[in-house]
Amino acid sequence: MHTNFAFLCDSAAQGAEGKLHALGIGISQLRAAQVPVQRPMMVLVAQVSFAHDEVGAHGLAIRVIDADGGNILPPVDGQITFNAPDEALSPVAQVVLELNLVTFPRYGVYSVELAIDGQSIASLPIDVLPAA
């Protein structure tokens with residue numbers, strides 16, 4: 001399996017025929033007059049390609065971490081099921097997960113980490129910087 005794309009955005013939804021709809025794509029920086037600063041909502045979106053022999057349930061882990069690897073939100077652990085119609089030549093699975101009320105305690109580098117079956121498939125950095 002591999003990641004076709006992954007990003008953070010303001011809002012996203014899955015539509016008909018597997019289409020994704022997203023607004024404010026590419027969150028990678030947050031400017032704040034003071035810290036701690038809270039982001040009310042951001043959405044993790046990812047599309048993962050997989051082989052037909054990988055159909056079934058897989059472990060899914062999402063972490064929002066600081067530069068030292070410490071969690072700033074409780075980790076999200078769950079399962080994702082890969083389904084593929086027989087006629088699918090390049091099956092994909094999509095992850096759309098809202099991250100609400102994320103508080104960044106200080107200026108610095110943070111990241112949203114996505115792993116499937118313990119294998120990292122996306123690392124999305126967020127720089128929290130002083131307001132210009």
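For clarity, every value in this text was computed on a predicted model and none was experimentally measured.
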>> Has Asp66 got a side-chain atom pairing as donor or acceptor with Asp68's backbone, closer than 3.5 angstrom?
In response: yes
> Do the non-hydrogen side-chain atoms of Val45 and Phe5 ever get within less than 4.5 Å of each other?
Replying inline: yes
>> Please check this pair: side chain of Gln94 against backbone of Gly18, looking for a donor-acceptor N/O pair closer than 3.5 Å.
In response: yes
> Are Asp10 and Ile27 side-chain neighbours, meaning at least one heavy-atom pair lies under 4.5 Å?
Replying inline: yes
>> As an exercise, state the distance from CG of Leu114 to CG of Leu124, rounded to the nearest 0.5 Å.
In response: 8.0 Å
> Within a strict 4.5 Å, meaning less than it, do heavy atoms of the Met41 and Val43 side chains meet?
Replying inline: yes
> What residues form a side chain to side chain donor-acceptor pair (under 3.5 Å) with Thr3, not counting sequence neighbours?
Replying inline: none
> Distance from Ile80 atom CD1 to Ile116 atom CD1, nearest 0.5 Å?
Replying inline: 5.0 Å
> What's the spacing between Phe104 CZ and Gln38 CD if we round to 0.5 Å?
Replying inline: 10.0 Å
>> Using a 6.0 Å cut-off, check whether atom CD of Gln29 has over 12 heavy atoms from anything other than its own residue.
In response: yes
> salt bridge (charged side-chain N to carboxylate O under 4.0 Å, His left out) between Arg63 and Asp77: does it pass, once the steps are laid out?
Replying inline: CA-CA 9 Å; Arg63 306 279 184 267; Asp77 293 305; 3.1 Å; yes
>> What I'd like to find out is whether the side chain of Leu8 reaches to under 4.5 Å of the side chain of Leu44, using heavy atoms alone.
In response: yes
>> Working to the nearest 0.5 angstrom, can you tell me the gap between His52 NE2 and Phe82 CZ?
In response: 13.0 Å
> Which value, rounded to the nearest 0.5 Å, describes the distance between Glu98 atom CD and Met42 atom CE?
Replying inline: 11.5 Å
